[in-house]
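These notes concern the structure reproduced below.
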Amino acid sequence: MSKPYPAVSFRGVAKTFHTARGALRALDGVSFDIQQGEFFGLLGPNGAGKTTLISILAGLARASEGRVTVMAHEVVSDYAAARRALGIVPQELVFDPFFSVRETLRIQSGYFGVKHNDDWIDELLSGLGLADKAGANMRQLSGGMKRRVLVAQALVHKPPVIVLDEPTAGVDVELRQTLWQFIARLNKQGHTVLLTTH
């Protein structure tokens with residue numbers, strides 16, 4: 001039996017930025033679907049518009065034209081449902097320096113209305129090699145460990161669609177292998193994965 005709708009759908013997506021030098025067309029009529037359970041690679045050189053497309057998918061930027069859906073939820077008109085269906089690992093290391101790793105994951109869970117998920121948090125910590133850092137303050141972590149926490153934050157509410165924007169940029173080989181093994185396992189369990197890389 002076929003799946004009733006794609007996990008992610010881009011239809012005629014365009015984005016124009018207006019600068020002092022004039023209009024810059026970053027995306028021009030992008031259309032494609034990512035099916036449920038698919039592991040999809042979005043490839044392109046730096047500056048090709050991959051991060052702009054992910055920002056539109058996440059609702060952080062608005063398309064100048066076109067329509068984007070996540071699990072059949074439109075990212076503009078049904079933002080909350082679309083965002084709940086997404087787990088996004090951004091390129092930049094963004095973290096709150098005042099909390100421990102476990103506290104950070106509990107707070108992130110709360111953003112999505114998820115409570116009492118310590119078993120899943122423990123599984124994330126273990127799967128991403130963070131178990132021994134659960135009580136450590138975010139400020140004390142290396143760049144690679146912070147990247148692992150970003151992955152855990154994206155997955156803490158068990159989203160059906162996982163987006164990794166250049167996830168292995170500047171990370172060590174060990175983290176790369178740990179990350180791929182964990183993401184491959186989630187994909188086998190039915191999660192849709194969208195990976196951007198140059």
Side-chain angles (χ1 to χ4, degrees), residues 6-71 73-77 79 82-83 85-96 108 128 138 141-155 159-184 186-187 191-198:
V8 176
S9 178
F10 296 98
R11 284 284 164 269
V13 176
K15 179 66 178 174
T16 302
F17 292 99
H18 297 281
T19 68
R21 295 181 183 181
L24 170 69
R25 190 85 159 170
L27 299 170
D28 192 9
V30 176
S31 296
F32 63 91
D33 290 343
I34 302 170
Q35 300 307 319
Q36 292 180 40
E38 195 171 354
F39 199 124
F40 188 93
L42 183 61
L43 306 176
N46 290 331
K50 301 182 301 294
T51 298
T52 300
L53 196 65
I54 298 307
S55 296
I56 291 168
L57 176 65
L60 301 173
R62 202 168 257 206
S64 306
E65 299 167 27
R67 183 171 185 265
V68 181
T69 60
V70 182
M71 300 302 285
H73 301 288
E74 214 276 329
V75 299
V76 175
S77 62
Y79 174 77
R83 189 62 190 88
L86 275 179
I88 298 182
V89 182
Q91 276 187 44
E92 298 83 24
L93 288 175
V94 182
F95 65 95
D96 193 321
Q108 184 75 14
L128 292 166
M138 291 294 294
L141 301 182
S142 67
M145 287 295 170
K146 286 174 185 162
R147 173 79 54 197
R148 292 176 196 222
V149 175
L150 284 183
V151 174
Q153 279 185 279
L155 302 176
V161 181
I162 302 162
V163 179
L164 301 129
D165 192 10
E166 299 276 3
T168 55
V171 301
D172 57 80
V173 174
E174 182 193 354
L175 170 56
R176 205 169 288 195
Q177 291 173 340
T178 304
L179 180 60
W180 289 141
Q181 288 166 0
F182 194 68
I183 294 299
L186 291 172
N187 181 240
H191 291 264
T192 305
V193 178
L194 167 56
L195 166 73
T196 79
T197 183
H198 60 273

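Quick caveat: nothing in here was measured; it's all calculated off a predicted structure.
Applying the salt bridge (charged side-chain N to carboxylate O under 4.0 Å, His left out) definition to pairs two or more places apart or across chains, those involving residues 6-22 are R11-D33. Residues in residues 37-70 take part in these ring-ring contact (aromatic ring centres under 6.0 Å, His included) pairs, two or more places apart or across chains: F32-F40.
Counting only distance, with no hydrogens or angles, the side chain of T178 and the backbone of L128 share no donor-acceptor pair below 3.5 Å. At distances below 3.5 Å, not a single donor-acceptor pair connects side-chain atoms of N187 with backbone N or O atoms of T192.
Residues passing the side chain to side chain donor-acceptor pair (under 3.5 Å) test with H73 are D78, sequence neighbours excluded. Applying the side-chain contact (heavy atoms from CB on, under 4.5 Å) rule to E65 yields the partners A14, R25; only residues at least two apart in sequence or on another chain are considered. Partners of Q177 by side chain to side chain donor-acceptor pair (under 3.5 Å), not counting sequence neighbours: none found. Qualifying side-chain contact (heavy atoms from CB on, under 4.5 Å) partners for A85, counting only residues two or more places apart in sequence or in other chains: V70, M71, P160. Every residue two or more places apart in sequence or in another chain was checked for a side chain to side chain donor-acceptor pair (under 3.5 Å) with E38, and none qualifies. For S77, the side chain to side chain donor-acceptor pair (under 3.5 Å) partners are E74, not counting sequence neighbours. For T196, the side-chain contact (heavy atoms from CB on, under 4.5 Å) criterion is met by L42, K50, I54, D165, E166, not counting sequence neighbours. The side-chain contact (heavy atoms from CB on, under 4.5 Å) test applied to Y79 returns R83, not counting sequence neighbours. Residues forming a ring-ring contact (aromatic ring centres under 6.0 Å, His included) with F182 (at least two apart in sequence, or on another chain): none.
Side-chain contact between L43 and T197 is present, with at least one heavy-atom pair separated by less than 4.5 Å. Contact annotation: the side chain of M145 never approaches that of V149 to less than 4.5 Å [non-hydrogen atoms, C-beta and beyond]. Between S9 and T69, some side-chain heavy-atom pair lies under the 4.5 Å cut-off. The closest side-chain heavy-atom distance from V193 to L164 is below 4.5 Å. Contact annotation: the side chain of L57 never approaches that of V161 to less than 4.5 Å [non-hydrogen atoms, C-beta and beyond].
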- Task: Could you go through the side chain to side chain contact (heavy atoms under 4.5 Å, CB included) check for V151 and R148 one step at a time?
- Result: CA-CA 5 Å; V151 174; R148 292 176 196 222; 5.6 Å; no
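With rounding to the nearest 0.5 angstrom, the CD1 atom of I56 is 8.0 Å from the CZ atom of F10. Atom CG of L155 sits about 5.0 Å away from atom CD1 of I162, to the nearest 0.5 Å. Separation of atoms CZ (R62) and OG (S55) is listed at 14.0 Å; rounding is to 0.5 Å.
Between S31 and G12 the shortest heavy-atom distance is OG-N, 2.7 Å.
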